[in-house]
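Structure, as structure tokens:
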Amino acid sequence: MKKIILFATAIMMASCGFMQNSTSNNTSSQATASTQQTTVQNSNAANSAGQGAGNALQALYAQYKADGKYDYKNMQNVLNTVTLVANCEGLKDNYKDKTYLKEFGKGMIASSLGLVTQNNVQTVTNSLVEMVKSNENVQNATTKVQEGASSAASYANTAAQYASSISSLLSLFGK
């Protein structure tokens, strides 16, 4: 009887050790998969944000070229400015992340109809990063959009806050 109990105890201890190793390996694999999934999600988010920013930049530039200036009183410019700012929101936290910036740039190149190219993507991205980092009103503008602010005056004030940054950015592309 003692031999059976000792044998059963040895088997239980061995299986517990096996289960612990199996669980820790499984946990490690899950952590690696989770990290990889987060990286992919961040890359996708960066690319999508870059595409939104590229679309807004292209629209702003087309109007800038037509008007010869950035008109922050033009409602379409205001909406495109707010869209640009909202899509650049992720740059605040990720401006040092090379992978995020690369994916953001790819998105801008893909959606800006040739305005943002391999040759100027770094300069454009750096300008957007500086705009987002230096202007404390970015969060306020994004919050206003998210809250559904609908008055033209509110949007115009938001655009006016960014007028010089946007003008400088658009002037990178010439007229």
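We number each residue from 1, following the sequence as shown. Note: hydrogens, waters and symmetry copies are ignored here, and every other heavy atom, side chains too, is used. Values in this document were obtained by computation on a predicted structure and should not be read as measured data.
- Looking only at distances, a side-chain donor or acceptor of Tyr61 sits under 3.5 Å from a matching main-chain atom of Gly174.
- Between Val116 and Thr125 the shortest side-chain heavy-atom distance does not fall below 4.5 Å.
- Under the 4.5 Å side-chain criterion, counting only non-hydrogen atoms from C-beta, Leu170 is in contact with Ile166.
- Taking the side chain as every heavy atom from C-beta outward, Asn55 and Asn87 never approach each other to under 4.5 Å.
- Partners of Gln51 under the side-chain hydrogen bond (donor to acceptor under 3.5 Å, both in side chains) rule, at least two apart in sequence or in another chain, are Asn47.
- Proximity of a side-chain donor or acceptor of Asn94 to a complementary backbone N or O of Asp97 within less than 3.5 Å is not detected.
- Leu57 has its side chain within reach of Leu169: a pair of non-hydrogen atoms, C-beta onward, lies under 4.5 Å apart.
- Between Val124 and Met108, some side-chain heavy-atom pair lies under the 4.5 Å cut-off.
- Linking ILVMFWY side-chain heavy atoms closer than 4.5 Å, directly or via other members, places Leu172 and Leu60 in a single hydrophobic cluster.
- Residue pairs meeting the side-chain hydrogen bond (donor to acceptor under 3.5 Å, both in side chains) criterion with at least one member in residues 105-119, sequence neighbours excluded: Glu103-Lys106, Thr117-Asn120.
- With no hydrogens or angles considered, a side-chain donor-acceptor pair links Tyr70 and Thr81 at under 3.5 Å.
- Summarising the geometry of Gly90 relative to Tyr100, their closest heavy-atom pair is CA-OH, 3.4 Å, with the distance given to 0.1 Å.
- A search for ring pair (Phe, Tyr, Trp, His ring centres under 6.0 Å) contacts involving Tyr64 returns nothing, not counting sequence neighbours.
- Taken to the nearest 0.5 Å, the CG atom of Leu115 stands 11.0 Å off from the CD1 atom of Ile109.
- The side-chain heavy atoms of Val132 and Glu89, taken from C-beta on, include no pair separated by under 4.5 Å.
- Between the CD atom in Gln63 and the CG atom in Asp71 there is a gap of 7.5 Å [rounded to 0.5 Å].
- Between the NZ atom of Lys92 and the CG atom of Leu128 there is a distance of 14.0 Å, given to the nearest 0.5 Å.
- Between atom OH of residue Tyr72 and atom CG of residue Asn77 there is a gap of 12.0 Å, rounded to the nearest 0.5 Å.
- Note that CD of Glu130 is 11.0 Å distant from CG of Leu91, once rounded to the nearest 0.5 Å.
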